Amino acid sequence: MMDVLLWLLYGATIYVTVFLLLVFLEGGELKPEAEWLGEWPSITLVIPAYNEEDSIGMTIESCLSVEYPRDKMEVIVVDDGSTDRTEERAREYEENDIVTVISQENKGKGGALNTGLENASGEYMACVDADSRIMEESLKNMVSLFDEDTAAVASAMKAYKPNNMIQKVQWFEYIVGIFTRSIMSIINAIHVTPGPLSIYRKDVLEEVGGFDEESLVEDQEICFRLQKNQWKVKSSRKGEVYTIVPQNFKELYHQRKRWYRGSIENLIKYREMMFNADYGDFGYFGLTSKVLTGVLSMMAVLIITYVTVLPIYDLLHNIYHVGLMNFISSAGSLSIGLMLEKAYWAVISMRFTSILMIATMFVVSASMAYMAAQHTEEKVLKQGVVPTFIYLAWYVLFVGFMYMIVLLEMIFDVEAKW
């Protein structure tokens, strides 16, 4: 049984990775962005904010600092019933004539975005998280990618000033995410338009009914819905935005639990799109790869747990049956040479195929990470060797662990929380 699981994990991982790499190589490494437009369309930047007093100023200032014609741009901050000084901080910027602050009772992020949509006057609507910092040329780079078949453009989301180990590992995760979205964009299989910055056609958002106010991941749900309505979603490598990422395990745990539960709920909601020819590569590969990510990561956790726990169980089992003192006595009578010989044969006895699988998957992951760094014009070891190794060797186990927690909560009908 374990051999079957190992081969399934190995085969599926290699298939997905090789497919992505072939698409990337065919699409062209570091494919240039579209040329800037001669005339810029109007755009509304909507910032949904709930208890963001520490970061709302940074976000508004970055919006005001972008290179975009001021007569074609407006900023709407929607204070979604904050209990801190978010509204007060935001209103300090209302003296700028392109900034408007709207206060409402708490409706959740989807509700705040819909309020912004109702009040937006721009041809395009950009959603900007209240803990994000937009780069100066991002709007121009993203708007230039739109054509008549495109409803949304996703940004290149990066971690803002990572300071500790957890944030540095996320930095690596985010640049790999940019690389993956760029590949998915080539085959129109993007499944999420990131909350920190994404731009939409306002009329298309209105046509499909706005954002889902019940979804835990409204940025993914709207992307699924756009794909279902046969609209294209693109990704901009140059549309950079920096977002503040969780700084400790507790924050990361709660964020990912929301993300993964929302993802499963969306996959269930849009299950009819999977393997449906009407939705092209999004149905055949985009959704399938999303499911495989969860399944394979959980399989990895089970396999690693089995390999790790079984020897410990055998040891405790032997101690229980022969007695602790007898076990220590017999172990102490072993010569050093004999102990080394036993350790040698324990290593040699590992299946060659298992070693090959682990080594191959690590090399493939490292190759993907290297190309992701090249694609995003970052240094692969920018955050150090240890965070890079943790991401390559252990991050998949964290993902699998989180998916297991989420599935258990859904099975036992535990209430979902934002």
Side-chain angles (χ1 to χ4, degrees), residues 9 13 17 51-52 54-55 58-59 62 129-133 135 155-181 192 194-197 217 219 240-263 293-294 296-305 307-309 312 358-359 361-406 417-418:
L9 178 63
T13 302
T17 306
N51 290 350
E52 300 284 0
D54 293 333
S55 60
M58 173 193 72
T59 302
S62 75
D129 279 355
D131 58 357
S132 303
R133 185 181 185 87
M135 295 296 96
S155 63
M157 179 177 61
K158 296 183 178 182
Y160 181 68
K161 294 183 178 179
N163 294 317
N164 57 38
M165 188 64 67
I166 288 178
Q167 290 179 318
K168 290 178 179 180
V169 172
Q170 291 174 83
W171 175 90
F172 218 102
E173 175 195 20
Y174 280 31
I175 66 167
V176 172
I178 296 170
F179 180 57
T180 304
R181 276 193 300 277
V192 63
L197 176 63
V217 283
D219 53 354
E240 293 185 334
V241 60
Y242 288 82
T243 186
I244 299 174
V245 298
Q247 61 181 345
N248 54 55
F249 183 80
K250 181 180 179 181
E251 291 180 2
L252 183 65
Y253 172 81
H254 287 293
Q255 181 198 61
R256 298 314 165 91
K257 191 164 70 167
R258 175 175 63 83
W259 283 10
Y260 298 156
R261 179 155 184 168
S263 293
T293 297
L296 294 178
S297 61
M298 288 189 288
M299 285 177 58
V301 171
L302 292 174
I303 291 171
I304 294 298
T305 300
V307 172
T308 304
V309 171
I312 297 176
I358 295 171
M361 287 190 287
F362 187 85
V363 170
V364 167
S365 297
S367 299
M368 283 282 289
Y370 175 78
M371 284 186 282
Q374 294 292 307
H375 182 68
T376 55
E377 298 179 346
E378 297 280 4
K379 294 181 179 179
V380 69
L381 296 178
K382 181 177 180 179
Q383 303 302 330
V385 175
V386 176
T388 303
F389 177 77
I390 291 175
Y391 175 79
L392 294 176
W394 300 105
Y395 196 75
V396 65
L397 301 181
F398 171 72
V399 173
F401 170 76
M402 291 306 307
Y403 269 113
M404 287 179 173
I405 294 295
V406 166
K417 295 182 179 179
W418 181 262

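For reference, positions follow the sequence shown, starting with 1. Here the structure is a predicted model, which means the values were calculated and not measured.
Pro162 has its side chain out of reach of Gln170: every pair of non-hydrogen atoms, C-beta onward, lies at least 4.5 Å apart.
What you find for Thr59 and Ser62 is that their closest heavy atoms are O-OG, 2.7 Å. The minimum heavy-atom distance between Leu392 and Ala369, with the atom names listed, is CD2-CB, 3.9 Å. Summarising the geometry of Ile166 relative to Asn248, their closest heavy-atom pair is CD1-C, 3.5 Å, with the distance given to 0.1 Å. Contact record, Ala130 with Glu52: CB-CG, 3.6 Å, taken as the closest heavy-atom pair. Pairing each heavy atom of Met157 with each of Tyr174, the nearest pair is O-CB, 3.5 Å. Of all heavy-atom pairs between Ser297 and Gly294, the closest is OG-O, 2.8 Å.
From Met368, atom CE reaches atom OG1 of Thr180 across 4.5 Å, with rounding to the nearest 0.5 Å. Summarising the geometry, atom CE belonging to Met165 is positioned 10.0 Å from atom CD belonging to Gln383; distances are rounded to the nearest 0.5 Å. Atom OH of Tyr395 and atom CD of Glu173 lie 3.0 Å apart (nearest 0.5 Å). Note that CG of Leu197 and CE of Met135 are 10.5 Å apart. Values are rounded to the nearest 0.5 Å. One distance of note links NE2 of His254 with CZ of Phe249; it measures 9.5 Å at 0.5 Å rounding. A distance of 12.0 Å separates CD1 of Ile175 from CD of Glu377, quoted to the nearest 0.5 Å.
A search for side-chain contact (heavy atoms from CB on, under 4.5 Å) contacts involving Val301 returns Thr305, Leu397, Met404, not counting sequence neighbours.
A side chain to side chain contact (heavy atoms under 4.5 Å, CB included) with Pro196 is found for exactly one of Asp131, Ile244, Thr243, namely Thr243. A side chain to side chain contact (heavy atoms under 4.5 Å, CB included) with Trp259 is found for exactly one of Gln255, Arg261, Lys257, namely Gln255. Each of Phe172, Trp171, Phe398 was checked for a ring-ring contact (aromatic ring centres under 6.0 Å, His included) with Tyr391, and the lone residue meeting it is Phe172.
A donor-acceptor pair under 3.5 Å links the side-chain atoms of Gln167 to the main chain of Val245, judged by distance alone.
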Start with the C-alpha distance between Asn164 and Gln247, add both sets of side-chain angles, then the distance that settles side chain to side chain contact (heavy atoms under 4.5 Å, CB included), and finish with yes or no. CA-CA 7 Å; Asn164 57 38; Gln247 61 181 345; 4.0 Å; yes

